[in-house]
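Side chains are part of it too, since the values below use all heavy atoms of this structure and drop only hydrogens, waters and symmetry mates. Bear in mind the structure is a predicted one, so any value in this text is a computation, not a measurement.
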Amino acid sequence: MAENWGFFERRTDREQMRILVNLAWREQSPPPGHTELLSATVNLMQLMSEHKDRREAVRVLERLESQLEEAAEASMKAVYIGRINTAKRLEFYYYTPPHQDQHEKQRELRSLFRDSGIVYYSKPDSDWSFYRYLLPDALEEMYIHNAQMVYALIHKGDHIERPRHVYHWLLFKQDEDRSAMKQAVEGLGYTVEDGKVPEERPGYPYSLVVSRWEDVRLETVNERVGELHELVGKVDGRYDGWGAMLRLSWLKRLRLSAGRKIGSMQAVKRWFGRPGEKG
């Protein structure tokens, strides 16, 4: 089974949730016979009291997630679909075939993790309604893309907390909507740029590029994307993405510069080849 994990945040009336879900099942039928929803809940308050070092607590949770998935798959043929993280708890979710004695299976899992304080619960869910609840809506899909973008920047060595011009692309069906949006976004602290999207989208021939001077931490980007998505939605417009320049440390820039020089030398060597070879 292919995996396509998406991470995003969702705010309900009661709490803020961070959701990780395997989107691959959205395109495929559920595995035959997996009609029981199983949850395993970890009390984070208790865990943090046992592990004062946050990094150590995270490592413990990562190991626990992997061990739980392996144990549930081996013991109950479970399929891991995702997790919900709140301030007080971490919930892991699986689908399993029905068992004559579900409580016995849960006792097997408890015996494997008797010192971790995990609470198990299962119920019938033949149409995978809870999985559909985990799936992102249109705005949450953008949050998933934001997380992928920010993590890619971090991987490249970007200091995401450093401010820079962050650009956002907006599309409209009517030119008057674009004109009205210029005043609206300027009132919110954005700067209207002169640029346009590289390719006009069918049905949205009018584009607007706006920017703000700020960091690209995930919470900042999500707030801006949510704000603009709601704003353009009021005029049947479309939010079309964001972009920003890398902000690297001097050491990272030095390494990249050295890497380019070495790469150029290697390219020259490949071009001329070894003695006796033709380039």
Side-chain angles (χ1 to χ4, degrees), residues 4-21 23 26-27 84-85 132-248:
N4 178 21
W5 293 94
F7 172 79
F8 61 96
E9 295 189 359
R10 175 182 293 170
R11 183 179 295 277
T12 69
D13 295 336
R14 298 181 303 156
E15 59 190 354
Q16 179 84 4
M17 299 188 298
R18 295 184 174 186
I19 297 177
L20 179 73
V21 59
L23 301 173
R26 182 169 53 182
E27 309 297 333
I84 295 178
N85 187 185
R132 292 199 303 274
Y133 166 75
L134 290 181
L135 291 176
D137 60 22
L139 178 57
E140 290 167 346
E141 288 274 10
M142 295 182 186
Y143 291 160
I144 290 176
H145 180 67
N146 291 345
Q148 293 169 343
M149 289 269 289
V150 171
Y151 295 150
L153 290 174
I154 294 173
H155 182 70
K156 290 179 179 293
D158 189 285
H159 286 227
I160 61 172
E161 74 283 355
R162 292 184 178 178
R164 81 286 305 270
H165 287 293
V166 183
Y167 300 91
H168 302 267
W169 284 264
L170 314 177
L171 302 178
F172 304 92
K173 295 181 178 180
Q174 306 294 332
D175 192 30
E176 52 265 33
D177 291 333
R178 175 174 61 178
S179 299
M181 191 60 58
K182 289 181 180 179
Q183 295 182 351
V185 295
E186 285 177 336
L188 293 173
Y190 293 88
T191 299
V192 175
E193 304 288 345
D194 294 331
K196 291 185 177 181
V197 291
E199 297 179 3
E200 300 291 0
R201 302 295 191 265
Y204 296 87
Y206 302 99
S207 62
L208 181 66
V209 182
V210 302
S211 71
R212 284 184 70 126
W213 179 263
E214 59 189 356
D215 62 69
V216 290
R217 293 177 301 157
L218 184 57
E219 55 267 32
T220 304
V221 174
N222 280 348
E223 182 178 355
R224 297 292 169 254
V225 170
E227 180 177 67
L228 291 171
H229 178 266
E230 180 180 4
L231 200 60
V232 298
K234 293 178 180 178
V235 294
D236 199 21
R238 174 177 167 184
Y239 180 83
D240 201 46
W242 63 275
M245 295 293 291
L246 284 169
R247 291 299 303 273
L248 304 177

Under a 4.5 Å cut-off applied to non-hydrogen side-chain atoms, are [X] and [Y] in contact?
X: Tyr206; Y: Met181; value: no
X: Pro136; Y: Leu23; value: yes
X: Leu228; Y: Trp242; value: no
X: Leu153; Y: Met149; value: no

Work out which heavy atom in [X] is nearest to a heavy atom in [Y]; give both atom names and the distance.
X: Leu134; Y: Arg10; answer: O-NH2, 3.7 Å
X: Trp213; Y: Pro163; answer: NE1-CB, 3.5 Å
X: Ala244; Y: Val216; answer: CB-CG1, 4.1 Å
X: Ser211; Y: Glu193; answer: OG-OE2, 2.6 Å
X: Glu140; Y: Leu135; answer: OE1-O, 4.0 Å

Check against side chain to side chain contact (heavy atoms under 4.5 Å, CB included), Ile160 and Asp215
CA-CA 6 Å; Ile160 61 172; Asp215 62 69; over 6 Å; no

Please assess Phe8 against Asn146 for the test side chain to side chain contact (heavy atoms under 4.5 Å, CB included), listing each intermediate value before the final yes or no.
CA-CA 9 Å; Phe8 61 96; Asn146 291 345; over 6 Å; no

Just verifying a value: how many Å separate [X] [atom1] and [Y] [atom2], rounded to the nearest 0.5 Å?
X: Asp236; Y: Phe172; atom1: CG; atom2: CZ; value: 11.0 Å
X: Glu223; Y: Arg217; atom1: CD; atom2: CZ; value: 10.0 Å
X: Leu246; Y: His159; atom1: CG; atom2: NE2; value: 11.0 Å
X: Asn222; Y: Glu227; atom1: CG; atom2: CD; value: 12.5 Å
X: Asp177; Y: Leu171; atom1: CG; atom2: CG; value: 12.0 Å

Just by modelled atom types, is the [Y] backbone N or O under 3.5 Å from a matching donor or acceptor in the [X] side chain?
X: Arg178; Y: Ser207; result: yes
X: Gln183; Y: Ala180; result: no
X: Arg18; Y: Phe7; result: no

What do you reckon, is [atom1] of [X] surrounded by more than 12 foreign heavy atoms closer than 6.0 Å?
X: Glu219; atom1: CD; value: yes
X: Glu230; atom1: CD; value: no
X: Arg164; atom1: CZ; value: yes

Less than 4.0 Å between a side-chain N and a carboxylate O, is that true for Glu141 and Arg26?
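A salt bridge links Arg26 with Glu141.
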
Lys/Arg cation over aromatic Tyr143: Arg11, 6.0 Å, 45° cone
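Negative - Arg11 is either too far from the ring of Tyr143 or too far off its axis.
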
Tyr204 six-ring centre to Arg238 NZ/CZ under 6.0 Å and within 45° of normal
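Because its charged atom sits under 6.0 Å from the ring centre and within 45° of the axis, Arg238 does stack over Tyr204.
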
Could you walk me through whether Val166 and Thr220 pass the side chain to side chain contact (heavy atoms under 4.5 Å, CB included) check?
CA-CA 11 Å; Val166 183; Thr220 304; over 6 Å; no

With side chain to side chain contact (heavy atoms under 4.5 Å, CB included) as the criterion, how do Leu231 and Leu170 come out once you've worked through the C-alpha distance, each side chain's angles and the decisive distance to 0.1 Å?
CA-CA 10 Å; Leu231 200 60; Leu170 314 177; over 6 Å; no

Among residues at least two apart in sequence or on other chains, which ones pass side-chain hydrogen bond (donor to acceptor under 3.5 Å, both in side chains) with Tyr239?
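With sequence neighbours excluded, Tyr239 shows a side-chain hydrogen bond (donor to acceptor under 3.5 Å, both in side chains) to His168, given in chain and number order.
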
